[in-house]
Amino acid sequence: MNKIPNRKAICDVLLKEAETDKDIVVLCSDSRGSASLAPFADAYPEQFVEMGIAEQDLVSVSAGLAHCGKKAFAASPACFLSTRSYEQCKIDVAYSNTNVKLIGISGGISYGALGMSHHSAQDIAAMSAIPNMRVYLPSDRFQTAKLVEALLKDEKPAYIRVGRNPVEDIYTEDNCPFEMDKATVLTEGTDAAIIACGEMVRPALEAAKLLEKDGIHATVLDMYCVKPLDKEAIVKAASNAKVVVTAEEHAPFGGLGSMVSQVVGAECPRKVLNIALPDAPVVSGTSQEVFDYYGMNAEGIAKAVKDALK
């Protein structure tokens with residue numbers, strides 16, 4: 001069982017790269033602990049800025065540093081980064097096209113029992129609606145590391161959402177195929193296409209294994225790149241399948257499911273079902289308990305595929 005959360009993978013990459021790249025700066029909003037960035041602050045205090053509980057200032061100062069040539073990584077709980085500082089993300093980062101990487105930690109329902117005030121079930125829709133803003137939801141620690149390494153090589157804005165808890169590995173250190181802004185094909189089949197992002201990729205992959213036992217063959221796409229969306233991969237998977245099922249830790253509106261539906265509807269019409277959080281405050285519990293309650297697990301995804309094929 002993996003015990004390393006994706007947020008630590010981000011810190012590990014930044015620690016390594018900051019040895020030789022002094023333009024890397026990390027900013028936190030009283031969140032260095034929950035972001036797993038305390039080791040970076042300890043190792044490179046001159047490249048770390050603690051903003052305190054001031055998410056709007058966090059984003060604006062990050063943009064200012066980027067304008068001075070720095071590579072700014074701003075980490076804050078996704079629930080606040082994508083709402084309280086939304087205007088700053090829109091204007092100071094995206095509209096100004098600054099080299100700021102916004103790291104939304106404890107995304108989705110990671111905060112569990114803290115409830116709707118601490119959940120970020122709207123961030124995919126909100127951030128994707130901003131011109132110039134890219135949106136990424138890596139599925140495991142190895143893909144997260146590859147993503148951060150790639151983001152360090154460009155100077156464009158991006159929003160990266162990661163969960164709070166460790167997730168089961170999908171890839172390995174030696175086998176983690178990664179191409180920037182291209183979905184990763186995990187399995188291939190001609191009955192259904194399952195397209196997932198973030199923490200939903202693991203149950204999507206497990207669902208495909210369950211379906212295989214019943215003679216149903218599914219393609220599984222790891223759509224870590226929600227924006228820009230890999231439309232080519234979606235069209236190819238959907239064209240070769242009878243139905244399409246999407247899975248996301250997000251509200252049912254404006255997220256991955258909506259985007260995939262637009263592409264499939266325009267390019268290769270198929271039935272599309274979206275597995276997502278409800279349009280309501282979710283029940284309290286751990287992430288897994290909430291996923292199980294709403295059928296956002298392997299069994300629920302497999303059932304959705306079977307229902308769609310009827």
Side-chain angles (χ1 to χ4, degrees), residues 6-7 9-18 20-32 34-37 40-41 44-107 120 122-138 144-162 180-181 198 224-228:
N6 292 351
R7 53 194 166 95
I10 295 174
C11 182
D12 289 344
V13 172
L14 294 178
L15 273 171
K16 179 183 177 182
E17 296 299 325
T20 55
D21 190 344
K22 297 308 175 183
D23 284 332
I24 294 174
V25 291
V26 172
L27 300 89
C28 287
S29 59
D30 194 31
S31 53
R32 72 180 75 182
S34 54
S36 294
L37 286 168
F40 187 96
Y44 304 107
E46 73 283 357
Q47 291 171 255
F48 180 83
V49 182
E50 175 56 74
M51 297 300 303
I53 304 177
E55 292 83 3
Q56 294 165 320
D57 290 342
L58 170 80
V59 175
S60 291
V61 171
S62 296
L65 288 169
H67 275 297
C68 295
K70 299 300 182 181
K71 301 174 183 178
F73 285 76
S76 185
C79 56
F80 304 133
L81 190 60
S82 64
T83 55
R84 184 172 298 157
S85 55
Y86 190 64
E87 182 180 6
Q88 286 71 32
C89 294
K90 174 185 173 184
I91 304 302
D92 298 345
V93 175
Y95 183 43
S96 300
N97 205 26
T98 53
N99 185 15
V100 176
K101 297 343 187 243
L102 302 164
I103 304 172
I105 60 172
S106 299
S120 57
Q122 82 303 317
D123 57 342
I124 296 177
M127 289 299 189
S128 294
I130 301 177
N132 285 340
M133 185 67 74
R134 296 171 295 167
V135 178
Y136 300 105
L137 280 79
T144 300
K146 293 279 190 181
L147 174 62
V148 175
E149 289 169 357
L151 289 172
L152 278 165
K153 297 175 183 178
D154 70 44
E155 298 181 354
K156 298 179 290 185
Y159 173 74
I160 307 98
R161 187 231 267 186
V162 293
M180 195 62 173
D181 299 330
Y224 79 90
C225 47
V226 176
K227 183 190 176 187

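Remember, it's a predicted structure, so these values are computed and weren't measured experimentally.
In this structure the side chain of Pro228 reaches within 4.5 angstrom of the side chain of Tyr136, judged on heavy atoms. Side-chain contact check for Thr83 versus Gln122: some heavy-atom pair is nearer than 4.5 Å. Between Ser29 and Pro77 the shortest side-chain heavy-atom distance falls below 4.5 Å. Under the 4.5 Å side-chain criterion, counting only non-hydrogen atoms from C-beta, Val93 is not in contact with Ser62. For the pair Val100/Val59, no side-chain contact is recorded, criterion being any heavy-atom separation below 4.5 Å from C-beta on. The shortest distance between side-chain heavy atoms of Met133 and Leu102 falls below 4.5 Å. In this structure, the side chains of Met180 and Leu147 come closer than 4.5 Å at one or more pairs of heavy atoms. Counting only heavy atoms from C-beta outward, the side chains of Leu15 and Tyr44 approach each other to under 4.5 Å.
Rounded to the nearest 0.5 Å, atoms CD1 (Ile53) and CZ (Phe80) are 8.5 Å apart. Distance CG/Leu27 to CD1/Ile103: 10.0 Å, rounded to 0.5 Å. Between the OG atom in Ser36 and the CD1 atom in Ile10 there is a gap of 9.0 Å [rounded to 0.5 Å]. Separation of atoms SG (Cys11) and CZ (Arg32) is listed at 11.5 Å; rounding is to 0.5 Å. Summarising the geometry, atom OG belonging to Ser76 is positioned 6.5 Å from atom CD1 belonging to Ile105; distances are rounded to the nearest 0.5 Å. In this structure, the separation between CD on Gln88 and CG on Leu58 is 10.0 Å, given to the nearest 0.5 Å.
Side chain of Arg7 to backbone of Ser34: a donor-acceptor contact under 3.5 angstrom is found. In this structure a side-chain-to-backbone donor-acceptor pair under 3.5 Å is present from Gln47 to Ile24.
When the salt bridge (Lys or Arg N to Asp or Glu O under 4.0 Å) test is applied to Asp92, no partner is found at least two apart in sequence or on another chain. Take Phe73 and apply the ring-ring contact (aromatic ring centres under 6.0 Å, His included) test, not counting sequence neighbours, and it matches no residue.
Nearest heavy-atom pair, Lys227 versus Ile130, reported as atom, atom and distance to 0.1 Å: NZ-O, 2.7 Å. The two residues Ser31 and Glu50 have their closest heavy-atom pair at N-OE1, 4.3 Å. Nearest heavy-atom pair, Pro138 versus Asn6, reported as atom, atom and distance to 0.1 Å: O-ND2, 3.7 Å. Here the closest heavy-atom approach between residue Ser82 and residue Met127 is recorded as CA-CE, 3.7 Å. Shortest non-hydrogen contact noted between Ser120 and Arg161 is O-NH2, 3.2 Å. Across all their heavy atoms, Lys90 and Ala94 have their closest contact at O-CB, 3.5 Å.
More than 12 heavy atoms of other residues, nucleotides or ligands shown are found within 6.0 angstrom of NZ on Lys22.
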Quiz: residues 150-160 side-chain donor-acceptor pairs under 3.5 angstrom, not counting sequence neighbours:
residue	atom	partner	partner atom	Å
Asp154	OD1	Lys101	NZ	3.1
Asp154	OD1	Arg134	NH2	3.0
Asp154	OD1	Lys156	N	3.2
Asp154	OD2	Arg134	NH1	2.9
Asp154	OD2	Arg134	NH2	3.3
Tyr159	OH	Asp123	OD2	2.7

